[in-house]
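Remarks on the structure that follows.
All heavy atoms count here, side chains included; hydrogens, waters and symmetry mates do not. The sequence lines fix the lettering, A, B, ..., with proteins before strands; numbering per chain opens at 1.
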Amino acid sequence: MSDRPRWSRAQRWSHQLSGAVILAALVSAIAMNRLVSDQGLRFTLYQVHKTLGIVALVLVLWRIGLRWRAVLPEPISPAWQNALSIGTHRLLYGLIFVIPLTGWALISASPLKIPTRIFGLLPLPDMLPTSLPLYLALLKAHAWLGWALGAVLVLHVSGALAHIRDGTFASIWREGKG
Amino acid sequence: MVKCRRSTLMRTALGLVLLTMSTGPLSAAADVLSAAITPANTRIGFTINGIGWPQTKGIFAAFRGRLRVDFANPAKSFVAVKIQAASVDAGGSSITAYIRSSAMLDVAQHPVVDFRSTSVRRTGAQTVALTGLLSFFGAVHPVTFTVRVLSKPGQRPLAFVATGAIQRSAFGFNSGQPLISDTARITIASIGRGL
Ligand code: HEM
(Lines give C-alpha, C1' and ligand atoms only; values in the text may rest on other atoms or scores of the structure.)
Protein backbone atom coordinates (compact mmCIF):
# COMPACT_ATOMS: atom_id res chain seq x y z
CA MET A 1 0.00 0.00 0.00
CA SER A 2 2.76 2.44 0.89
CA ASP A 3 4.43 2.14 -2.50
CA ARG A 4 1.27 2.93 -4.34
CA PRO A 5 1.95 5.72 -6.85
CA ARG A 6 0.48 9.10 -5.88
CA TRP A 7 -0.42 12.21 -7.78
CA SER A 8 2.48 14.61 -7.65
CA ARG A 9 2.33 17.84 -5.69
CA ALA A 10 2.06 19.84 -8.92
CA GLN A 11 -0.80 17.65 -10.04
CA ARG A 12 -2.67 18.03 -6.79
CA TRP A 13 -2.22 21.80 -6.74
CA SER A 14 -3.16 22.28 -10.36
CA HIS A 15 -6.18 20.03 -9.86
CA GLN A 16 -7.49 21.98 -6.88
CA LEU A 17 -6.76 25.30 -8.55
CA SER A 18 -8.47 24.39 -11.78
CA GLY A 19 -11.45 23.03 -9.83
CA ALA A 20 -11.84 26.38 -8.12
CA VAL A 21 -11.38 28.34 -11.36
CA ILE A 22 -13.91 26.21 -13.26
CA LEU A 23 -16.48 26.53 -10.51
CA ALA A 24 -15.90 30.28 -10.49
CA ALA A 25 -16.28 30.35 -14.30
CA LEU A 26 -19.61 28.53 -14.02
CA VAL A 27 -20.82 30.74 -11.19
CA SER A 28 -19.79 33.90 -13.05
CA ALA A 29 -21.58 32.62 -16.17
CA ILE A 30 -24.81 32.15 -14.26
CA ALA A 31 -24.44 35.44 -12.42
CA MET A 32 -23.64 37.56 -15.47
CA ASN A 33 -26.37 36.11 -17.64
CA ARG A 34 -29.13 35.30 -15.22
CA LEU A 35 -28.78 36.89 -11.81
CA VAL A 36 -27.27 40.35 -12.03
CA SER A 37 -29.40 43.17 -13.36
CA ASP A 38 -27.00 46.04 -12.73
CA GLN A 39 -25.58 46.90 -16.12
CA GLY A 40 -22.09 47.91 -14.96
CA LEU A 41 -21.61 44.89 -12.73
CA ARG A 42 -22.95 42.61 -15.42
CA PHE A 43 -20.46 43.89 -17.95
CA THR A 44 -17.61 43.50 -15.45
CA LEU A 45 -18.69 39.92 -14.70
CA TYR A 46 -18.42 39.12 -18.40
CA GLN A 47 -14.83 40.33 -18.29
CA VAL A 48 -14.15 38.29 -15.15
CA HIS A 49 -15.72 35.22 -16.77
CA LYS A 50 -13.45 35.52 -19.80
CA THR A 51 -10.34 35.77 -17.63
CA LEU A 52 -11.41 32.77 -15.50
CA GLY A 53 -12.08 30.76 -18.64
CA ILE A 54 -8.68 31.49 -20.16
CA VAL A 55 -6.98 30.65 -16.86
CA ALA A 56 -8.90 27.34 -16.89
CA LEU A 57 -7.56 26.69 -20.39
CA VAL A 58 -3.96 27.38 -19.37
CA LEU A 59 -4.36 25.18 -16.29
CA VAL A 60 -5.76 22.26 -18.26
CA LEU A 61 -2.89 22.43 -20.75
CA TRP A 62 -0.44 22.37 -17.87
CA ARG A 63 -2.30 19.45 -16.29
CA ILE A 64 -2.37 17.46 -19.50
CA GLY A 65 1.40 17.98 -19.70
CA LEU A 66 1.89 16.75 -16.13
CA ARG A 67 -0.39 13.82 -16.66
CA TRP A 68 1.47 12.77 -19.79
CA ARG A 69 4.53 11.75 -17.78
CA ALA A 70 2.78 10.71 -14.55
CA VAL A 71 2.77 7.27 -13.04
CA LEU A 72 -0.91 6.59 -12.55
CA PRO A 73 -2.36 5.35 -9.26
CA GLU A 74 -3.80 1.87 -9.11
CA PRO A 75 -7.21 1.27 -10.64
CA ILE A 76 -10.20 1.52 -8.35
CA SER A 77 -12.64 -1.33 -7.98
CA PRO A 78 -15.07 -2.58 -9.04
CA ALA A 79 -13.96 -2.57 -12.66
CA TRP A 80 -17.09 -0.82 -13.98
CA GLN A 81 -16.47 2.09 -11.63
CA ASN A 82 -12.89 2.25 -12.82
CA ALA A 83 -14.09 2.35 -16.42
CA LEU A 84 -16.62 5.04 -15.48
CA SER A 85 -13.95 7.11 -13.78
CA ILE A 86 -11.63 6.86 -16.78
CA GLY A 87 -14.48 7.92 -19.06
CA THR A 88 -15.42 10.79 -16.77
CA HIS A 89 -11.84 12.03 -16.61
CA ARG A 90 -11.44 11.95 -20.37
CA LEU A 91 -14.70 13.83 -20.76
CA LEU A 92 -13.57 16.39 -18.19
CA TYR A 93 -10.25 17.02 -19.92
CA GLY A 94 -12.02 17.30 -23.25
CA LEU A 95 -14.68 19.71 -22.00
CA ILE A 96 -12.26 21.87 -20.03
CA PHE A 97 -10.17 22.18 -23.17
CA VAL A 98 -12.99 22.75 -25.67
CA ILE A 99 -15.23 25.08 -23.63
CA PRO A 100 -12.71 27.91 -23.23
CA LEU A 101 -11.85 27.57 -26.92
CA THR A 102 -15.51 27.97 -27.90
CA GLY A 103 -15.69 30.95 -25.52
CA TRP A 104 -12.65 32.53 -27.11
CA ALA A 105 -14.04 31.76 -30.57
CA LEU A 106 -17.43 33.28 -29.79
CA ILE A 107 -16.06 36.57 -28.52
CA SER A 108 -13.81 36.70 -31.59
CA ALA A 109 -16.75 36.22 -33.97
CA SER A 110 -18.99 38.60 -32.02
CA PRO A 111 -19.95 41.85 -33.77
CA LEU A 112 -19.59 43.59 -30.41
CA LYS A 113 -15.80 43.85 -30.51
CA ILE A 114 -15.49 44.14 -26.77
CA PRO A 115 -11.76 44.05 -26.07
CA THR A 116 -10.76 41.16 -23.82
CA ARG A 117 -7.92 41.68 -21.39
CA ILE A 118 -6.85 38.78 -19.25
CA PHE A 119 -6.67 40.04 -15.67
CA GLY A 120 -7.49 43.43 -17.15
CA LEU A 121 -4.06 43.58 -18.78
CA LEU A 122 -3.10 41.01 -21.37
CA PRO A 123 -5.06 41.57 -24.59
CA LEU A 124 -6.59 38.43 -26.07
CA PRO A 125 -6.45 38.51 -29.88
CA ASP A 126 -9.39 37.46 -32.04
CA MET A 127 -9.04 33.98 -33.50
CA LEU A 128 -11.89 34.32 -36.00
CA PRO A 129 -13.28 37.03 -38.24
CA THR A 130 -16.55 38.72 -37.26
CA SER A 131 -19.57 36.63 -38.18
CA LEU A 132 -23.02 36.88 -36.63
CA PRO A 133 -24.23 33.34 -37.49
CA LEU A 134 -20.97 31.82 -36.30
CA TYR A 135 -21.16 33.85 -33.10
CA LEU A 136 -24.72 32.70 -32.40
CA ALA A 137 -23.86 29.05 -33.07
CA LEU A 138 -20.74 29.18 -30.90
CA LEU A 139 -22.68 30.89 -28.14
CA LYS A 140 -25.19 28.06 -28.10
CA ALA A 141 -22.45 25.40 -28.17
CA HIS A 142 -20.45 27.17 -25.45
CA ALA A 143 -23.39 27.42 -23.08
CA TRP A 144 -24.53 23.82 -23.68
CA LEU A 145 -21.03 22.45 -23.20
CA GLY A 146 -20.77 24.58 -20.06
CA TRP A 147 -23.91 23.01 -18.57
CA ALA A 148 -22.70 19.56 -19.65
CA LEU A 149 -19.45 20.21 -17.80
CA GLY A 150 -21.47 21.10 -14.71
CA ALA A 151 -23.27 17.74 -14.95
CA VAL A 152 -20.04 15.77 -15.47
CA LEU A 153 -18.50 17.59 -12.50
CA VAL A 154 -21.36 16.38 -10.30
CA LEU A 155 -20.58 12.82 -11.41
CA HIS A 156 -16.86 13.37 -10.85
CA VAL A 157 -17.29 14.74 -7.31
CA SER A 158 -19.83 11.99 -6.45
CA GLY A 159 -17.34 9.35 -7.57
CA ALA A 160 -14.56 10.92 -5.52
CA LEU A 161 -16.77 11.08 -2.44
CA ALA A 162 -17.90 7.48 -2.95
CA HIS A 163 -14.23 6.50 -2.89
CA ILE A 164 -13.14 8.24 0.27
CA ARG A 165 -12.55 4.98 2.15
CA ASP A 166 -10.23 3.38 -0.39
CA GLY A 167 -7.97 6.44 -0.38
CA THR A 168 -8.84 7.65 -3.87
CA PHE A 169 -10.13 10.98 -2.59
CA ALA A 170 -7.05 11.48 -0.39
CA SER A 171 -4.72 10.64 -3.29
CA ILE A 172 -5.63 13.90 -5.00
CA TRP A 173 -6.55 15.90 -1.93
CA ARG A 174 -3.42 15.73 0.21
CA GLU A 175 0.11 14.56 0.42
CA GLY A 176 0.99 11.26 2.06
CA LYS A 177 0.93 7.56 1.64
CA GLY A 178 -2.15 5.96 0.15
CA MET B 1 -54.70 87.05 -27.93
CA VAL B 2 -51.92 89.54 -28.05
CA LYS B 3 -50.11 89.05 -31.31
CA CYS B 4 -47.16 91.29 -31.57
CA ARG B 5 -44.20 91.74 -33.86
CA ARG B 6 -41.51 92.34 -31.30
CA SER B 7 -37.93 92.77 -32.23
CA THR B 8 -35.42 90.07 -31.36
CA LEU B 9 -33.73 92.52 -29.06
CA MET B 10 -36.95 93.16 -27.21
CA ARG B 11 -37.63 89.47 -26.92
CA THR B 12 -34.22 88.84 -25.50
CA ALA B 13 -34.66 91.73 -23.11
CA LEU B 14 -37.97 90.30 -22.00
CA GLY B 15 -36.39 86.93 -21.55
CA LEU B 16 -33.69 88.42 -19.39
CA VAL B 17 -36.20 90.34 -17.32
CA LEU B 18 -38.18 87.17 -16.87
CA LEU B 19 -35.11 85.29 -15.86
CA THR B 20 -34.46 87.73 -13.04
CA MET B 21 -38.10 87.78 -11.98
CA SER B 22 -39.38 85.37 -9.39
CA THR B 23 -42.45 83.24 -9.98
CA GLY B 24 -45.75 84.98 -10.43
CA PRO B 25 -48.57 85.43 -12.89
CA LEU B 26 -47.24 86.31 -16.30
CA SER B 27 -49.00 88.11 -19.04
CA ALA B 28 -49.19 86.38 -22.40
CA ALA B 29 -47.10 89.03 -24.09
CA ALA B 30 -44.29 88.73 -21.60
CA ASP B 31 -44.40 84.98 -21.63
CA VAL B 32 -40.91 84.24 -22.85
CA LEU B 33 -38.43 82.17 -20.96
CA SER B 34 -34.75 82.18 -21.65
CA ALA B 35 -32.53 79.89 -19.66
CA ALA B 36 -29.25 78.07 -19.63
CA ILE B 37 -29.35 74.30 -19.98
CA THR B 38 -26.88 72.71 -17.61
CA PRO B 39 -26.58 69.46 -15.68
CA ALA B 40 -28.08 71.37 -12.75
CA ASN B 41 -31.49 71.51 -14.41
CA THR B 42 -31.34 68.85 -17.13
CA ARG B 43 -30.71 65.18 -17.51
CA ILE B 44 -29.75 63.73 -20.89
CA GLY B 45 -30.17 59.99 -21.12
CA PHE B 46 -30.27 57.32 -23.77
CA THR B 47 -31.43 53.73 -24.07
CA ILE B 48 -30.53 51.14 -26.67
CA ASN B 49 -32.01 47.68 -27.01
CA GLY B 50 -29.95 44.64 -27.86
CA ILE B 51 -30.04 40.92 -28.42
CA GLY B 52 -28.59 38.75 -25.64
CA TRP B 53 -28.15 41.72 -23.36
CA PRO B 54 -30.90 43.77 -21.78
CA GLN B 55 -31.47 47.37 -22.72
CA THR B 56 -28.39 49.51 -22.19
CA LYS B 57 -28.96 52.82 -20.42
CA GLY B 58 -26.65 55.73 -20.03
CA ILE B 59 -26.41 59.46 -19.54
CA PHE B 60 -24.25 62.31 -20.72
CA ALA B 61 -23.04 64.19 -17.69
CA ALA B 62 -21.37 67.23 -19.27
CA PHE B 63 -23.22 69.60 -21.60
CA ARG B 64 -24.20 73.21 -21.95
CA GLY B 65 -26.94 74.88 -23.89
CA ARG B 66 -29.54 77.59 -24.19
CA LEU B 67 -33.27 77.40 -24.21
CA ARG B 68 -35.73 80.06 -25.26
CA VAL B 69 -39.38 79.30 -24.86
CA ASP B 70 -41.92 81.65 -26.33
CA PHE B 71 -45.16 80.53 -24.76
CA ALA B 72 -47.36 82.85 -26.77
CA ASN B 73 -45.71 81.91 -30.01
CA PRO B 74 -44.11 78.47 -29.61
CA ALA B 75 -42.77 78.50 -33.14
CA LYS B 76 -40.34 81.20 -32.05
CA SER B 77 -38.82 79.01 -29.37
CA PHE B 78 -35.30 77.72 -29.74
CA VAL B 79 -32.88 75.33 -28.13
CA ALA B 80 -29.20 74.55 -28.67
CA VAL B 81 -27.09 72.09 -26.69
CA LYS B 82 -23.48 70.99 -26.89
CA ILE B 83 -22.68 67.67 -25.25
CA GLN B 84 -19.22 66.36 -24.34
CA ALA B 85 -19.22 62.82 -25.71
CA ALA B 86 -16.58 61.69 -23.20
CA SER B 87 -18.98 62.45 -20.37
CA VAL B 88 -21.02 59.37 -21.25
CA ASP B 89 -21.70 57.24 -18.20
CA ALA B 90 -23.27 53.80 -18.28
CA GLY B 91 -23.05 53.08 -14.57
CA GLY B 92 -19.80 51.15 -14.29
CA SER B 93 -16.20 51.88 -15.18
CA SER B 94 -15.60 48.92 -17.50
CA ILE B 95 -18.79 49.30 -19.55
CA THR B 96 -18.32 53.08 -19.71
CA ALA B 97 -14.74 52.69 -20.93
CA TYR B 98 -15.99 50.35 -23.65
CA ILE B 99 -18.68 52.82 -24.77
CA ARG B 100 -16.13 55.64 -24.92
CA SER B 101 -13.63 53.53 -26.84
CA SER B 102 -13.06 53.43 -30.58
CA ALA B 103 -15.19 50.26 -30.67
CA MET B 104 -18.22 52.40 -29.78
CA LEU B 105 -18.70 56.18 -29.50
CA ASP B 106 -15.03 56.85 -30.25
CA VAL B 107 -15.07 60.02 -28.18
CA ALA B 108 -11.46 60.83 -29.06
CA GLN B 109 -12.44 61.20 -32.72
CA HIS B 110 -15.90 62.65 -32.10
CA PRO B 111 -15.66 64.66 -28.89
CA VAL B 112 -18.78 66.80 -29.28
CA VAL B 113 -22.44 66.05 -29.90
CA ASP B 114 -24.34 69.14 -30.96
CA PHE B 115 -28.03 69.85 -31.35
CA ARG B 116 -29.74 73.02 -32.47
CA SER B 117 -33.42 73.34 -33.16
CA THR B 118 -34.72 74.41 -36.54
CA SER B 119 -38.45 74.37 -35.90
CA VAL B 120 -40.88 74.14 -33.04
CA ARG B 121 -44.50 73.26 -33.58
CA ARG B 122 -47.25 73.07 -31.01
CA THR B 123 -49.02 69.71 -31.22
CA GLY B 124 -51.27 69.84 -28.16
CA ALA B 125 -52.11 71.76 -25.01
CA GLN B 126 -48.92 70.52 -23.32
CA THR B 127 -46.90 69.13 -26.20
CA VAL B 128 -44.68 70.44 -28.95
CA ALA B 129 -42.74 68.78 -31.73
CA LEU B 130 -39.20 70.10 -31.77
CA THR B 131 -37.08 69.43 -34.81
CA GLY B 132 -33.42 70.21 -35.06
CA LEU B 133 -30.12 69.23 -36.53
CA LEU B 134 -28.07 66.73 -34.60
CA SER B 135 -24.41 66.54 -35.39
CA PHE B 136 -23.02 63.34 -34.04
CA PHE B 137 -20.27 60.95 -35.05
CA GLY B 138 -19.19 63.20 -37.88
CA ALA B 139 -22.62 63.42 -39.53
CA VAL B 140 -25.52 65.87 -39.35
CA HIS B 141 -29.14 64.75 -39.52
CA PRO B 142 -32.51 66.11 -38.47
CA VAL B 143 -34.12 64.66 -35.36
CA THR B 144 -37.57 65.38 -34.00
CA PHE B 145 -38.26 65.36 -30.30
CA THR B 146 -41.66 65.17 -28.72
CA VAL B 147 -41.64 67.59 -25.85
CA ARG B 148 -44.19 67.13 -23.09
CA VAL B 149 -44.55 70.03 -20.72
CA LEU B 150 -45.20 68.66 -17.26
CA SER B 151 -45.72 71.93 -15.42
CA LYS B 152 -49.06 73.71 -15.64
CA PRO B 153 -49.38 76.74 -17.93
CA GLY B 154 -47.71 79.72 -16.31
CA GLN B 155 -46.22 77.57 -13.58
CA ARG B 156 -42.54 77.92 -12.70
CA PRO B 157 -40.21 76.22 -12.83
CA LEU B 158 -41.01 74.93 -16.23
CA ALA B 159 -40.69 71.16 -16.34
CA PHE B 160 -40.59 69.12 -19.51
CA VAL B 161 -39.50 65.80 -20.92
CA ALA B 162 -38.32 65.53 -24.51
CA THR B 163 -38.12 62.13 -26.16
CA GLY B 164 -36.71 61.28 -29.54
CA ALA B 165 -34.96 58.54 -31.40
CA ILE B 166 -32.13 58.33 -33.88
CA GLN B 167 -31.24 55.65 -36.36
CA ARG B 168 -27.57 55.05 -35.66
CA SER B 169 -26.93 53.93 -39.21
CA ALA B 170 -27.92 57.35 -40.52
CA PHE B 171 -24.89 58.75 -38.70
CA GLY B 172 -22.60 55.93 -39.74
CA PHE B 173 -22.49 54.76 -36.14
CA ASN B 174 -23.01 51.05 -36.74
CA SER B 175 -20.92 49.38 -34.06
CA GLY B 176 -22.37 46.25 -32.57
CA GLN B 177 -25.12 45.90 -35.16
CA PRO B 178 -27.26 43.90 -35.37
CA LEU B 179 -26.71 42.69 -31.79
CA ILE B 180 -27.16 46.25 -30.63
CA SER B 181 -30.20 47.80 -32.22
CA ASP B 182 -30.02 50.57 -34.78
CA THR B 183 -32.46 52.74 -32.86
CA ALA B 184 -31.21 54.72 -29.92
CA ARG B 185 -33.79 56.52 -27.80
CA ILE B 186 -32.96 59.82 -26.21
CA THR B 187 -34.74 61.31 -23.22
CA ILE B 188 -34.06 64.81 -22.02
CA ALA B 189 -35.73 65.90 -18.80
CA SER B 190 -35.50 69.42 -17.48
CA ILE B 191 -36.76 71.12 -14.36
CA GLY B 192 -35.55 73.65 -11.82
CA ARG B 193 -32.76 76.20 -11.83
CA GLY B 194 -33.51 79.05 -14.15
CA LEU B 195 -36.55 77.38 -15.72
C1 HEM C 1 -13.95 26.56 -18.04
C2 HEM C 1 -14.24 27.56 -18.78
C3 HEM C 1 -15.63 28.10 -19.05
C4 HEM C 1 -16.84 27.66 -18.60
C5 HEM C 1 -17.16 26.53 -17.65
C6 HEM C 1 -17.85 28.54 -19.19
C7 HEM C 1 -19.20 28.42 -18.99
C8 HEM C 1 -20.15 29.23 -19.56
C9 HEM C 1 -21.57 29.03 -19.48
C10 HEM C 1 -22.27 27.89 -18.76
C11 HEM C 1 -22.16 30.05 -20.15
C12 HEM C 1 -23.65 30.27 -20.36
C13 HEM C 1 -24.24 31.18 -19.36
C14 HEM C 1 -25.74 31.28 -19.48
O15 HEM C 1 -26.29 31.00 -20.55
O16 HEM C 1 -26.35 31.67 -18.49
C17 HEM C 1 -21.12 30.90 -20.64
C18 HEM C 1 -21.31 32.06 -21.36
C19 HEM C 1 -20.30 32.83 -21.88
N20 HEM C 1 -18.95 32.57 -21.87
FE21 HEM C 1 -18.08 31.03 -20.93
N22 HEM C 1 -17.21 29.48 -19.98
C23 HEM C 1 -15.86 29.23 -19.93
C24 HEM C 1 -14.87 29.92 -20.59
C25 HEM C 1 -15.06 31.04 -21.37
C26 HEM C 1 -14.02 31.78 -22.06
C27 HEM C 1 -12.54 31.39 -22.09
C28 HEM C 1 -14.62 32.82 -22.66
C29 HEM C 1 -14.01 33.90 -23.52
C30 HEM C 1 -12.75 34.24 -23.54
C31 HEM C 1 -16.02 32.77 -22.35
C32 HEM C 1 -16.96 33.70 -22.77
C33 HEM C 1 -18.30 33.58 -22.53
C34 HEM C 1 -19.26 34.58 -22.94
C35 HEM C 1 -18.95 35.88 -23.67
C36 HEM C 1 -20.51 34.11 -22.53
C37 HEM C 1 -21.83 34.83 -22.64
C38 HEM C 1 -22.51 34.63 -23.88
C39 HEM C 1 -23.80 35.41 -23.86
O40 HEM C 1 -23.75 36.59 -24.19
O41 HEM C 1 -24.82 34.82 -23.52
N42 HEM C 1 -16.27 31.67 -21.56
N43 HEM C 1 -19.91 30.37 -20.30
So which donor and acceptor atoms of chain B and chain A come within less than 3.5 Å of each other?
from	atom 1	to	atom 2	distance (Å)
K57(B)	N	Q39(A)	OE1	2.8
K57(B)	O	Q39(A)	NE2	2.7
A90(B)	O	Q39(A)	NE2	3.0
S94(B)	OG	T44(A)	OG1	2.8
Y98(B)	OH	L112(A)	O	2.6

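Listed by first and then second residue, the side chain to side chain donor-acceptor pair (under 3.5 Å) pairs that reach into residues 121-150 of chain B are T123(B)-T127(B), T131(B)-T144(B), sequence neighbours excluded.
Cluster partners of L150(B), by chain and number: V161(B). The rule joins Ile, Leu, Val, Met, Phe, Trp and Tyr whenever side-chain heavy atoms lie under 4.5 Å apart.
The environment of CZ in F97(A) is sparse: at most 12 heavy-atom neighbours from other residues, nucleotides or ligands sit within 6.0 Å.
In this structure, I51(B) is a member of the same hydrophobic cluster as L112(A), with clusters built from ILVMFWY side-chain heavy atoms closer than 4.5 Å. A continuous path of Ile, Leu, Val, Met, Phe, Trp and Tyr side chains, each step under 4.5 Å between heavy atoms, connects L17(A) with I118(A), placing both in one hydrophobic cluster. Tracing side-chain contacts under 4.5 Å through hydrophobic residues (I, L, V, M, F, W, Y), one never reaches L95(A) starting from V157(A); they form parts of separate clusters.
Residues satisfying the side-chain contact (heavy atoms from CB on, under 4.5 Å) criterion with A40(B), sequence neighbours excluded, are T38(B), R193(B).
Once rounded to the nearest 0.5 Å, the distance linking CG of L179(B) with CG of L132(A) reads 5.5 Å.
Both the backbone and the side chain of I114(A) come within contact range of chain B, each with at least one heavy atom under 4.5 Å from a heavy atom of that chain.
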